[in-house]
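Structure first, commentary second.
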Amino acid sequence: MEKLVKLISKCIPVRQKNVDTDQIMPARFLISVSKTGYGENLFRDWRYDESGNENPDSLFNKEEYKNREIIVAGDNFGCGSSREHAVWGLVQYGIRVVISSMFADIFKKNSLKNGLLLVQVTPDELQRIFSIIEADPDAEITVDLANQNVVMPDGSEIEFEIDPFRKQTIMEGQDDTAFIMANEDKIVEYESRFNK
Amino acid sequence: MAKNIYEKIWDKHVVFQEEGAPPVIYIDLHLLHEVTSPQAFDGLRQRGIKVRRPDRTFATVDHVISTINQSCPLKDPIAQAMVVAIEANAKEFGIKYFGLDSGKQGIVHIIGPELGLTQPGKTIVIGDSHTSTHGALGALAFGIGTSEVEQVLATQCLFQKKSPTMNINITGKLEKGVTAKDLILYIINQIGAGGGTGHVIEYTGDAIENTNMAGRMTICNMTIEAGARSGIIAPDEVTFEYLKGREYAPKGEDWLEAVAEWKELRSDPDATYDKTIEVDASTITPWVTYGNSLDMSVSVDGQIPTVEGFSDDGDKQKMESAIEYMNLKPGQKVKDIEIQNVFIGSCTNGRIEDIRDAAKVIEGKKVASHVKAKVVPGSQQIKRMAEKEGLDKIFVEAGFEWREAGCSSCLNMNPDNIPAGEYCVSTSNRNFKGRQGKGSRTLLASPITAAASAIEGRVADPRKYI
């Protein structure tokens with residue numbers, strides 16, 4: 001998992017609410033036993049029509065929006081299916097940060113395990129970010145995980161909360177499972193105590 | 001201190017908590033399917049480790065398989081590779097596998113309870129969001145992603161923060177022709193698709209106590225569609241009656257001991273919750289979704305709302321986009337939507353009770369000539385049971401297809417997809433764009449609404465058939 005401490009990027013706005021994981025990664029692309037190759041199918045049905053032609057209106061197809069690492073999204077981003085493939089798709093496409101006023105539960109956990117930082121702001125702050133990046137699509141914003149803030153082009157800051165443990169694992173690219181495995185004696189003790 | 005059912009189960013499952021890190025909880029039961037597990041097994045191989053507790057791990061195959069003929073290799077070679085992979089992984093790691101030739105295969109959320117693996121008080125995880133289904137038996141059950149599947153395979157534990165709790169208390173009697181499905185669709189409409197985010201929702205009240213296990217499972221299954229982590233219902237005589245004698249349920253003395261322990265799980269009378277909601281079941285009517293988010297739903301005798309009714313920009317955009325995708329007109333009556341497909345099945349409504357209810361509506365009637373309708377039992381055992389009762393004949397004579405067990409048209413991962421531009425009245429759980437097939441238009445409803453709609457060829461009110 002790639003480390004993330006601080007990131008400066010232009011943004012891709014996705015204003016819609018309740019963007020579900022079927023939009024982020026349609027189910028037909030889950031037919032795979034591999035963990036790679038998902039980036040090209042991110043938001044597939046937004047980006048291409050039925051015959052496979054590019055939809056010129058999709059921001060994801062516009063040259064100036066390529067290589068951007070931040071998505072700013074409407075409320076309840078990532079709802080629906082538990083498929084981690086949605087997060088793999090975002091990360092493999094090159095997205096490192098998603099900013100929204102609320103994230104779906106399982107999506108949030110999947111993101112943390114893949115180094116995708118979810119920045120949760122208030123609905124008012126989200127609207128402010130939308131208005132800034134829509135007024136100037138080339139506005140660059142800074143996401144500073146160490147200081148837990150988003151710095152807007154005018155220098156103003158929006159602070160965000162993150163669990164200290166999660167902050168550490170993302171900043172250091174640390175693996176959860178290895179952490180639990182290192183405590184095996186406690187699992188053995190629990191199993192014997194509860195007769196499991 | 002008074003505790004609710006979630007707190008009681010939680011307290012018995014915390015293994016340890018390191019300073020500054022979230023708690024690590026123990027997982028009693030881990031079920032696997034072919035979609036979210038192959039990458040997790042690869043992870044174990046990369047780490048050079050085994051499955052810690054293969055005896056607490058079970059696997060089946062449900063998402064990608066054909067429901068026309070289960071025994072044929074799949075046309076899609078990668079889907080076939082997924083079926084081969086789960087069987088090979090189960091064998092390599094010593095996990096019990098309920099495969100296509102086991103007679104016990106089925107949708108993972110159907111077979112867990114059916115085999116008696118799902119039990120009150122257990123912590124249960126599956127790499128599938130609809131794991132919340134198992135909460136209907138008083139288990140703490142929630143969906144996880146593939147990295148977490150790997151974590152549980154490796155350690156039988158999971159990093160998990162304690163969730164906020166919500167109590168939805170449902171009183172009053174559902175009107176005839178109104179089902180548990182209508183109730184949960186109505187609740188999601190009221191609290192919103194994000195209304196339960198991160199919460200564990202406990203359902204209480206006489207309306208729940210009077211609902212059978214199948215209905216309780218439908219309610220807990222769709223709890224995730226309000227964004228919740230889990231739905232849970234305290235175990236009672238209905239639960240014990242359901243579980244008794246099932247293959248993996250405790251037997252003899254163990255059964256009596258287990259029941260005594262399960263009875264203790266009920267929330268204490270003065271237990272508290274972070275949120276409480278009251279619902280009156282007696283006012284609810286058959287309910288149907290019209291849009292692409294679970295809160296976009298109306299009564300079967302209602303109309304498509306107008307965009308002007310929404311004040312929020314995000315809601316307006318969501319509505320405009322749904323109207324266009326679903327090809328509907330604001331103000332249009334739901335009953336005026338002419339449909340091309342009906343799907344009865346899925347982890348939400350693929351149980352024997354659902355099939356029996358739909359059969360009562362369909363008996364002696366015919367499916368409208370322009371409608372393709374199918375019933376897909378949730379498991380091989382349900383299919384056999386229905387056939388023994390002669391239900392398959394009722395459906396076939398009416399013009400339905402009678403299929404084999406699997407996830408089928410609930411999602412576009414197998415050959416049963418719904419064609420672009422066509423409507424499907426579906427008993428499944430999600431109405432997202434493209435969920436049932438690229439360009440498909442989903443209208444979620446109960447099994448009896450689906451059956452009535454198959455007869456009339458448009459969205460229909462089931463009450464006149466009851």
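Note that the coordinates shown come from a computational prediction; the quantities given were computed from them, not determined experimentally. Because only heavy atoms are used, hydrogens play no part in the values below, and waters and symmetry mates are left out as well, while side chains stay in. So you know, we letter chains A, B, ... as the sequences are listed, proteins then strands, and number each from 1.
- Distance check, rounded to the nearest 0.5 Å: CZ of A/Phe194 to OH of B/Tyr26 gives 11.5 Å.
- Side chains of B/Lys433 and A/Asp45 form no contact here, defined as non-hydrogen atoms less than 4.5 Å apart.
- Interface remark: A/Asn110 contributes side-chain atoms only to the contact with chain B (heavy atom separation under 4.5 Å).
- Proximity to chain B is absent for every atom of A/Gln127, based on heavy atoms less than 4.5 angstrom apart.
- For a residue to count as touching a neighbouring chain, one of its non-hydrogen atoms must lie under 4.5 Å from one of that chain's; by this rule B/Glu34 does not touch chain A.
- Chain A is approached within less than 4.5 Å, heavy atom to heavy atom, by B/Ile224, B/Gly227, B/Arg229 from residues 222-231 of chain B, ordered by number.
- Salt bridge annotation for A/Glu191-B/Arg56: absent, with no cationic side-chain nitrogen under 4.0 angstrom from a carboxylate oxygen.
- Only the side chain of A/Tyr190 comes within contact range of chain B, judged by heavy atoms closer than 4.5 Å.
- A salt bridge does not link B/Glu150 to A/Lys113: none of the charged nitrogens lies less than 4.0 Å from a carboxylate oxygen.
- For A/Asp49, the part lying under 4.5 angstrom from a heavy atom of chain B is the backbone only.
- Of the listed residues A/Asn76, A/Asp75, A/Val19, A/Asp105, the one with more heavy-atom pairs under 4.5 angstrom with chain B than any other is A/Asp105.
- Contact count versus chain B (heavy atoms, under 4.5 Å) is highest, among A/Glu189, A/Arg15, A/Arg193, A/Lys109, for A/Lys109.
- For A/Lys35, the parts lying under 4.5 angstrom from a heavy atom of chain B are both the backbone and the side chain.
- Neither the backbone nor the side chain of A/Val14 comes within less than 4.5 Å of any heavy atom in chain B.
- A salt bridge links A/Lys17 and B/Asp312; the closest N-O separation between the charged side-chain nitrogens and carboxylate oxygens is under 4.0 Å.
- In this structure, B/Lys12 places its NZ atom where only 12 or fewer heavy-atom neighbours from other residues, nucleotides or ligands lie under 6.0 Å away.
- Of the two parts of A/Gln168, neither the backbone nor the side chain holds a non-hydrogen atom closer than 4.5 Å to a non-hydrogen atom of chain B.
- Only the side chain of B/Phe16 comes within less than 4.5 Å of a heavy atom in chain A; its backbone stays farther off.
- A/Phe107 does not touch chain B: none of its heavy atoms, backbone or side chain, sits under 4.5 Å away.
- In this structure, the portion of A/Ile106 lying under 4.5 Å from any heavy atom of chain B is its side chain and not its backbone.
- Both the backbone and the side chain of A/Met181 come within less than 4.5 Å of a heavy atom of chain B.
- Note on B/Lys161 versus A/Asp163: salt bridge recorded, some NZ/NE/NH1/NH2 to OD/OE distance being below 4.0 Å.
- Without hydrogens or angle criteria, A/Arg28 side chain to B/Lys438 main chain gives no donor-acceptor distance under 3.5 Å.
- Only the side chain of A/Gln23 has a heavy atom closer than 4.5 Å to any heavy atom of chain B.
- Chain B forms the most heavy-atom pairs under 4.5 Å with one residue out of A/Pro26, A/Ser32, A/Cys79, and that residue is A/Ser32.
- For A/Ser34, the part lying near chain B is the backbone, with the side chain staying farther off; criterion is any non-hydrogen pair under 4.5 Å.
- For the pair A/Phe103/B/Thr197, no side-chain contact is recorded, criterion being any heavy-atom separation below 4.5 Å from C-beta on.
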